[in-house]
There are 2 protein chains.
Amino acid sequence: MVNIRDVARYCGVSAMTVSRALNNSNQISQATKEKILKACEELGYRPNFAARSLVTKKTNMVGLIIPDITNQYYSHVSKGVSSYLSLQGYGLLLCNSDRRKDDEIRYLNFLAEGRVDGIIILPVQPRKEDYEGIAKEIPLVMADNYAEGLDVSFVGNDNYHGASEIISHMIKQGFKRIGVILGHSSSSASNERFKAYKDVLKKNNIELDNEIVLNSNATFEDGFNLTKVLIEKGVDSIFAINDTVALGVVKYCYLNNIRIPEDIGVAGYDNIEQSSMLPVPLTTVDQNGNQLGKVAAETLLNLLADESTVPKKIILKPKLVIRKSLGENI
Amino acid sequence: MVNIRDVARYCGVSAMTVSRALNNSNQISQATKEKILKACEELGYRPNFAARSLVTKKTNMVGLIIPDITNQYYSHVSKGVSSYLSLQGYGLLLCNSDRRKDDEIRYLNFLAEGRVDGIIILPVQPRKEDYEGIAKEIPLVMADNYAEGLDVSFVGNDNYHGASEIISHMIKQGFKRIGVILGHSSSSASNERFKAYKDVLKKNNIELDNEIVLNSNATFEDGFNLTKVLIEKGVDSIFAINDTVALGVVKYCYLNNIRIPEDIGVAGYDNIEQSSMLPVPLTTVDQNGNQLGKVAAETLLNLLADESTVPKKIILKPKLVIRKSLGENI
DNA sequence: CTGAAAGCGCTAACAT
DNA sequence: ATGTTAGCGCTTTCAG
């Protein structure tokens with residue numbers, strides 16, 4: 001392995017001069033700089049990452065902890081993060097928590113060993129205690145799902161707004177007994193959407209029936225399985241916590257010859273690519289995952305540039321996408 | 001920041017003893033080990049990654065270069081890699097090349113700075129020259145898409161087999177003028193599938209018409225746009241290089257009231273989750289992305305454990321998934 | 001079982 | 001504009 005001293009010797013200069021050439025210092029003449037850069041090429045020299053970051057205390061890496069990379073929404077968030085980081089010369093250390101708390105914590109500690117300059121986390125079932133320790137050690141930005149009472153920057157979506165819009169639309173379309181498949185009870189996204197559901201129902205004088213409000217792990221399988229339960233309880237429509245769950249609902253209906261929207265209305269959330277291509281295209285709420293990822297990365301990099309920045313909350317507005325799964329638009 | 005010497009001082013031992021305690025050495029008494037581990041907890045000590053890897057020349061990191069993380073197949077490959085690595089105590093440095101050659105090369109050099117112990121790459125338009133240099137510097141496993149003539153391990157899918165199966169099925173279903181939307185002309189996957197297409201046509205005495213064989217960037221948009229072209233050329237069916245492209249085909253048909261499979265047959269490749277939930281479920285070929293990712297990661301880690309291992313090619317067999325987009329099964 | 005010395009490859013700070 | 005010195009935090013090697 002060729003190191004900086006080999007290059008220095010080869011060029012008849014000191015290691016320091018080579019270092020300056022490589023770091024675009026202006027304390028070096030153009031001539032020597034060019035000579036050195038050429039020598040680096042010839043010798044196949046590459047600066048050693050570990051040595052460099054040991055002294056600079058910088059890694060130019062960001063850690064991203066995400067619940068499930070195969071979920072389309074999260075994959076877009078990841079891409080948004082990745083693209084922005086790449087543009088700024090940063091690398092991405094991806095941690096797929098697989099929606100498991102213990103893996104999430106394991107990754108948090110793994111990252112905190114100085115592997116990255118900062119962390120973006122989309123937490124599962126967030127609890128304040130899990131992050132306040134880490135957040136003191138390393139710059140942290142929370143995204144998508146919020147841990148109440150934690151003093152860190154957060155980038156999220158306006159879940160209350162998005163859910164209000166779609167539930168209002170459902171009622172306008174004539175649905176009265178709206179079943180809900182929520183996520184986990186500790187998910188802030190799920191809770192905020194549920195709150196909107198309750199508020200909109202009340203505003204429309206529809207009584208809340210907790211029998212038709214179900215929690216789930218927000219998977220396709222749960223969507224499929226819980227649809228049976230809800231239909232047995234006589235719902236006329238289902239609001240799913242995301243499109244993947246809605247796809248499960250649709251599949252159940254499809255296999256059981258239940259027509260959408262004639263027999264049952266279906267609403268999703270996320271506007272994943274395929275939701276527009278179902279037998280009956282899905283009415284849903286569009287959250288721009290790519291944008292969320294980009295803004296989260298931007299927020300973290302700003303924090304890295306100036307650690308005294310005060311934590312801020314950025315809430316992105318999602319938008320209602322009306323298709324046919326709740327009937328024709330009036 | 002608390003370092004190993006702080007812990008040593010606190011415990012009244014040498015730094016070396018602390019190091020031994022942390023690395024599960026057996027050259028240390030149980031008592032001191034426990035005392036030290038407890039002290040680490042109390043002081044909030046974390047071993048420094050850069051310092052450690054500077055001396056051990058190990059990062060316990062693997063780099064993954066992938067064309068597009070938002071593509072469902074690639075996201076499953078990523079998850080397969082991630083899960084296996086995590087199990088083995090490795091971290092994942094994810095590089096989304098965005099199907100751009102220049103970004104891919106940039107990432108390759110970025111990773112080769114000693115950021116990772118090895119690299120898994122799913123190359124775009126692979127050319128031997130791009131990888132042979134890097135492969136000498138750092139263990140490399142190629143996956144999904146192969147660069148001919150390169151002496152590195154490869155994990156891929158049997159594209160010839162998969163495409164043969166589905167084209168044969170198309171012909172059996174009565175289609176005679178089968179349009180094709182390929183990927184890029186330098187993609188080995190695309191080339192192998194095209195070869196199967198030609199061979200199966202010949203075997204069935206159907207003349208090849210290059211007019212209805214189109215290259216593309218393998219995107220949803222390309223699928224949508226090229227369908228118009230193919231239909232104008234009078235195809236009775238379309239074989240798309242992947243399900244995402246097929247979804248584009250389906251969308252075009254859907255918007256133009258072209259019935260599947262009555263007016264046109266559609267075949268995909270990849271078996272993405274949503275392909276079973278289209279208006280007419282898609283007949284496709286299932287490649288287990290998760291498995292491919294796992295095997296690629298396994299291959300790389302074996303190589304890291306013993307660098308003298310000879311490169312090997314592992315080819316996974318995909319399987320035909322018959323649904324309704326090519327008509328009812330006979 | 002424990003410790004002392006040396007050094008991994010680089011850059012910050014201070015010379016010149 | 002260039003060089004010297006020192007040291008980042010850890011582990012390897014060798015000694016005891």
Side-chain angles (χ1 to χ4, degrees), chain A residues 1-37 39-40 43-61 89 109-117 137-138, chain B residues 1-37 39-40 43-61 89 109-117 137-138:
Chain A
M1 186 200 198
V2 27
N3 67 26
I4 199 168
R5 266 185 295 254
D6 297 327
V7 180
R9 207 172 307 124
Y10 183 85
C11 293
V13 297
S14 75
M16 201 48 230
T17 304
V18 177
S19 175
R20 278 191 265 256
L22 277 118
N23 291 287
N24 286 311
S25 164
N26 48 0
Q27 305 226 76
I28 187 175
S29 75
Q30 195 58 31
T32 31
K33 188 185 209 162
E34 275 165 21
K35 182 178 66 179
I36 290 167
L37 260 25
C40 289
L43 300 176
Y45 167 73
R46 290 180 198 284
N48 181 284
F49 167 67
R52 190 177 262 182
S53 83
L54 180 57
V55 32
T56 60
K57 268 115 185 58
K58 282 274 296 175
T59 58
N60 285 302
M61 288 275 184
N109 287 303
F110 180 77
L111 295 175
E113 287 176 355
R115 288 183 138 84
V116 295
D117 296 334
E137 291 188 56
I138 182 169
Chain B
M1 184 199 199
V2 27
N3 66 27
I4 200 169
R5 267 186 295 256
D6 297 327
V7 180
R9 208 172 305 126
Y10 184 85
C11 293
V13 297
S14 75
M16 203 45 233
T17 303
V18 178
S19 174
R20 278 191 265 258
L22 275 114
N23 292 288
N24 286 311
S25 164
N26 47 0
Q27 305 225 75
I28 187 174
S29 75
Q30 196 57 32
T32 31
K33 189 185 208 162
E34 275 165 20
K35 183 178 67 179
I36 290 167
L37 260 26
C40 289
L43 299 176
Y45 167 74
R46 290 181 198 283
N48 182 283
F49 167 66
R52 188 176 263 184
S53 82
L54 179 57
V55 33
T56 60
K57 267 112 186 58
K58 282 273 297 173
T59 58
N60 285 301
M61 287 276 183
N109 287 302
F110 180 76
L111 294 175
E113 287 175 355
R115 290 182 137 86
V116 294
D117 295 334
E137 291 189 56
I138 183 170

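Residue numbers start from 1 in every chain, and the chains themselves are labelled A, B, ... in the order their sequence lines are given, proteins ahead of strands. Quick note: numbers below take in every heavy atom, side chains included, and nothing from hydrogens, waters or symmetry partners.
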Asks: Are any of the side-chain heavy atoms of B/Asn48 and B/Asn3 separated by less than 4.5 Å?
Replies: no
Asks: Specify the separation, in whole Å, of atom CE of A/Met16 and atom P of D/dG7.
Replies: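 Roughly 16 Å, once rounded to whole Å.
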Asks: Please confirm whether the backbone N or O of B/Ala50 pairs with a side-chain atom of A/Arg115, one donor and one acceptor, at under 3.5 Å?
Replies: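 Checking the backbone N and O of B/Ala50 against the side chain of A/Arg115, no donor-acceptor pair under 3.5 Å is found.
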Asks: Reckon A/Ser29 has a side-chain N or O less than 4.0 Å from the OP1 or OP2 of D/dT2?
Replies: yes
Asks: Using whole Å, report how far CD of A/Gln27 lies from C1' of C/dT11.
Replies: 13 Å
Asks: Rounded to the nearest Å, what distance is computed from the CG atom of residue B/Asn3 to the P atom of nucleotide D/dG9?
Replies: 5 Å
Asks: Remember a base hit wins even if backbone is also touched, and classify B/Phe49 as base, sugar-phosphate or nothing at under 4.0 Å, heavy atoms.
Replies: nothing
Asks: Check the phosphate of D/dT11 against B/Ser19, side-chain N and O only, distance under 4.0 Å to OP1 or OP2. Yes or no?
Replies: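 The answer is yes; a side-chain N or O of B/Ser19 sits under 4.0 Å from OP1 or OP2.
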Asks: From C/dT11, D/dG3, C/dG9, pick the nucleotide closest to the side chain of A/Arg5?
Replies: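 The listed nucleotide nearest to A/Arg5's side chain is C/dG9.
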Asks: Tell me the interatomic distance from B/Leu54, atom CG, to D/dT11, atom C1', rounded to whole angstroms.
Replies: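 Spelled out: CG on B/Leu54 to C1' on D/dT11 is 10 Å.
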Asks: Applying a 4.0 Å non-hydrogen cut-off, can you work out what A/Thr32 is touching in the nucleic acid: base, sugar-phosphate, or nothing?
Replies: sugar-phosphate
Asks: Can you check whether any acceptor in the base of D/dG9 is under 3.5 Å from a donor in the side chain of B/Arg46, or vice versa?
Replies: no
Asks: If we only count heavy atoms from C-beta on, is the A/Val116 to A/Ile138 side-chain gap below 4.5 Å?
Replies: yes
Asks: Just wondering, do A/Tyr45 and A/Leu22 contact through their side chains at under 4.5 Å, heavy atoms?
Replies: yes
Asks: Figure out the CD1/P separation between B/Ile36 and C/dC1, and round it to whole Å.
Replies: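 So the CD1-P distance, B/Ile36 to C/dC1, works out to 13 Å.
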Asks: Would you mind telling me which residue lines up with the more 5' stretch of DNA chain C, B/Lys33 or B/Val55, judged by nearest nucleotide?
Replies: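 Comparing both residues, the 5'-ward one is B/Lys33.
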Asks: Rounded to whole Å, please give me the gap between NZ in B/Lys58 and C1' in D/dT12.
Replies: 17 Å
Asks: The side chain of A/Thr17 lies closest to which of these nucleotides: D/dT2, C/dG3, D/dG9?
Replies: D/dT2
Asks: Below the 4.0 Å mark, does D/dA1 have OP1 or OP2 next to a side-chain nitrogen or oxygen of A/Arg20?
Replies: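 No, no such contact exists.
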Asks: Salt bridge (charged side-chain N to carboxylate O under 4.0 Å, His left out) for B/Glu113 and A/Arg52? Distances and angles first, verdict last.
Replies: CA-CA 10 Å; B/Glu113 287 175 355; A/Arg52 190 177 262 182; 5.2 Å; no
Asks: Just checking B/Ile28: base, sugar-phosphate only, or nothing, at a heavy-atom cut-off of under 4.0 Å?
Replies: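 Touches sugar-phosphate only.
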Asks: Taking the side chain as C-beta and beyond, is there a heavy-atom pair between B/Arg46 and A/Asn109 under 4.5 Å?
Replies: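 Result yes, sub-4.5 Å side-chain heavy-atom pair found.
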Asks: OP1 or OP2 of D/dC8 less than 4.0 angstrom from a side-chain nitrogen or oxygen of B/Asn48, does that happen here?
Replies: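 Looking at the OP1 and OP2 atoms of D/dC8, neither is under 4.0 Å from any side-chain N or O of B/Asn48.
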Asks: Just call it for B/Asp6: base, sugar-phosphate, or nothing, with non-hydrogen atoms closer than 4.0 Å on any strand.
Replies: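 Nothing, no nucleic acid heavy atom in range.
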Asks: Tell me the interatomic distance from A/Arg9, atom CZ, to D/dT4, atom P, rounded to whole angstroms.
Replies: 13 Å
Asks: Think A/Lys57 has a side-chain N or O under 4.0 angstrom from the OP1 or OP2 of C/dA12?
Replies: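 False: A/Lys57 side-chain N/O out of range (4.0 Å or more) of C/dA12 OP1/OP2.
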Asks: Using atom CG of B/Leu22 as one end and atom C1' of D/dT11 as the other, report the distance to the nearest whole Å.
Replies: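 After rounding, the gap between these two atoms is 12 Å.
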